[in-house]
> 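The structure that follows is given in the form of structure tokens.
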Amino acid sequence: MRKIFVVVFGIISLSVLFPACSSKVDLKNVNLENWKKDRDGCIGLRMQELEAFRVVKNDLLGKDNQSIIKTFGRPDKVELTDRSQSFFMYFIDPAPSCENFDATAEQPMKVMLRMNAYSRVSEVVISRLDP
């Protein structure tokens, strides 16, 4: 009886631990080092990666928030919305916090990743509009 308990406990423990391990998302042609260096889009390196990102953006659907952070670095901005959802935002154009931000220009372009209540990506949008 004790052996059965140990086996069942071990299986349950492993099934809980393995999904908690998140790894980087493999995005083929996107230079993620440039992406991470370009905090708030101030340098312009993310703009160079935009077309490569458009090709693979749907590969992010269903990924968890930790995988996204390991892949792209900390989001430039996080917005919480209703129903326990949030948006991770990465600026492509210079953000208002950048020295070279042009306040007279239109809103900066950004990548927005909608995270559902389970902290999984449910939508990927490239837009100048806020969520």
Side-chain angles (χ1 to χ4, degrees):
M1 182 70 170
R2 183 173 177 173
K3 287 182 182 179
I4 293 173
F5 175 76
V6 170
V7 170
V8 170
F9 181 75
I11 291 172
I12 292 172
S13 297
L14 289 176
S15 67
V16 170
L17 291 176
F18 278 120
C21 299
S22 300
S23 60
K24 285 175 79 170
V25 181
D26 182 28
L27 299 177
K28 300 163 190 89
N29 296 322
V30 179
N31 185 334
L32 296 172
E33 292 308 313
N34 280 350
W35 190 280
K36 290 177 184 177
K37 284 183 209 172
D38 194 9
R39 186 88 177 134
D40 288 332
C42 296
I43 305 172
L45 296 175
R46 289 182 184 168
M47 182 59 81
Q48 298 171 6
E49 304 301 322
L50 186 59
E51 288 310 312
F53 179 82
R54 283 184 202 273
V55 172
V56 297
K57 72 178 188 149
N58 289 336
D59 294 346
L60 300 173
L61 295 174
K63 303 298 183 198
D64 64 277
N65 61 353
Q66 291 303 310
S67 293
I68 297 301
I69 292 170
K70 287 179 181 177
T71 303
F72 296 108
R74 278 184 312 125
D76 298 331
K77 185 176 177 184
V78 177
E79 275 198 28
L80 302 175
T81 61
D82 58 346
R83 298 188 181 133
S84 301
Q85 296 185 71
S86 61
F87 283 90
F88 281 11
M89 290 185 247
Y90 296 91
F91 286 95
I92 302 296
D93 291 334
S97 62
C98 298
E99 290 180 14
N100 57 343
F101 175 70
D102 184 5
T104 62
E106 57 189 332
Q107 289 284 336
M109 187 178 303
K110 55 194 149 291
V111 169
M112 294 179 284
L113 305 165
R114 181 193 297 262
M115 310 301 283
N116 63 22
Y118 299 107
S119 297
R120 302 254 177 212
V121 177
S122 61
E123 182 180 22
V124 180
V125 177
I126 302 169
S127 176
R128 293 187 184 279
L129 301 175
D130 286 329

> Working to the nearest 0.5 angstrom, can you tell me the gap between Thr81 OG1 and Met115 CE?
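Here the rounded value is 11.5 Å.
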
> Looking at side-chain heavy atoms only, is the closest gap between Val56 and Asn29 below 4.5 Å?
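No. Closest side-chain heavy atoms not under 4.5 Å.
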
> Would you confirm whether Arg74, through its side chain, and Arg39, through its main-chain N or O, come within 3.5 Å as a donor-acceptor pair?
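Absent.
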
> Specify the closest pair of heavy atoms between Pro96 and Pro108, including all atoms of both residues, with the distance to one decimal.
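Answer, listing the atom of Pro96 first, then Pro108: CD-CG, 4.4 Å.
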
> Within this structure, what is the CD1-CZ distance for the pair Ile126 and Arg54, rounded to the nearest 0.5 Å?
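Going from CD1 on Ile126 over to CZ on Arg54, the span is 4.5 Å.
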
> Is it the case that one hydrophobic cluster holds both Leu60 and Leu32, taking links as side-chain heavy atoms less than 4.5 Å apart, direct or via other members?
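Same cluster.
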
> Only pairs under 3.5 Å count here: list side-chain donor-acceptor contacts from residues 85-92, not counting sequence neighbours, and write none if there are none.
residue: Gln85; atom: OE1; partner: Arg114; partner atom: NH1; Å: 3.3
residue: Tyr90; atom: OH; partner: Gly73; partner atom: O; Å: 2.8

> Please determine whether residues Val55 and Leu45 belong to a single hydrophobic cluster, defined as Ile, Leu, Val, Met, Phe, Trp and Tyr linked transitively by side-chain heavy-atom distances below 4.5 Å.
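No: no chain of side-chain contacts under 4.5 Å links Val55 to Leu45.
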
> Flag yes if Ile68 and Tyr118 sit in one hydrophobic cluster, no otherwise; membership is Ile, Leu, Val, Met, Phe, Trp, Tyr, and two members link when side-chain heavy atoms are under 4.5 Å apart.
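Different clusters: Ile68 never reaches Tyr118 through Ile, Leu, Val, Met, Phe, Trp or Tyr contacts under 4.5 Å.
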
> Are any side-chain N or O atoms of Thr71 and backbone N or O atoms of Val25, one a donor and one an acceptor, separated by less than 3.5 Å?
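Side chain of Thr71 to backbone of Val25: a pair is present.
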
> What pair of heavy atoms forms the shortest contact from Pro75 to Ile69, and how long is it?
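Where Pro75 meets Ile69 most closely, the heavy atoms are CD-CG1, 4.3 Å.
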
> Who are the side chain to side chain contact (heavy atoms under 4.5 Å, CB included) partners of Ser97, not counting sequence neighbours?
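Partners of Ser97 under the side chain to side chain contact (heavy atoms under 4.5 Å, CB included) test: Asp40, Ala95.
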
> Look at the side-chain heavy atoms of Ile, Leu, Val, Met, Phe, Trp and Tyr, link any pair under 4.5 Å apart, and say whether Val124 and Met47 land in one connected group.
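Yes: a chain of side-chain contacts under 4.5 Å links Val124 to Met47.
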
> Between Asp76 and Lys110, does any side-chain N to carboxylate O distance fall below 4.0 Å?
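Not counted as a salt bridge, because no side-chain N and carboxylate O are separated by less than 4.0 Å.
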
> So do Arg128 and Asp93 actually touch side chain to side chain, heavy atoms under 4.5 Å?
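In contact.
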
> Looking at Cys42, is its backbone amide N or carbonyl O close enough to the side chain of Asp38 to form a donor-acceptor pair, meaning the two atoms are under 3.5 Å apart?
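Yes, the answer is positive, given that a donor and an acceptor are paired below the 3.5 Å cut-off.
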
> Any chance you could measure Leu61, atom CG, to Lys57, atom NZ, to the nearest 0.5 Å?
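Rounded to the nearest 0.5 Å, the CG-NZ separation comes to 8.5 Å.
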
> State, to 0.1 Å, how close Met112 and Pro131 come at their nearest heavy-atom pair, and which atoms those are.
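So the minimum-distance heavy-atom pair works out to SD-CD, 3.6 Å.
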
> What distance separates Ser23 OG from Lys70 NZ, expressed to the nearest 0.5 Å?
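Nearest 0.5 Å value for the OG-NZ distance: 7.0 Å.
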
> With a 4.0 Å cut-off, would you call Arg46 and Glu49 a salt bridge?
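Looking at Glu49 together with Arg46, the answer is no, because their closest N to O distance does not fall below 4.0 Å.
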
> With the 4.5 Å side-chain cut-off for hydrophobic clustering, are Leu50 and Val125 part of the same group?
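No, Leu50 and Val125 fall in different hydrophobic clusters.
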
> Between Val111 and Trp35, is there a side-chain heavy-atom distance shorter than 4.5 Å?
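The answer is yes, as the side chains (C-beta and beyond) meet within the 4.5 Å cut-off.
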
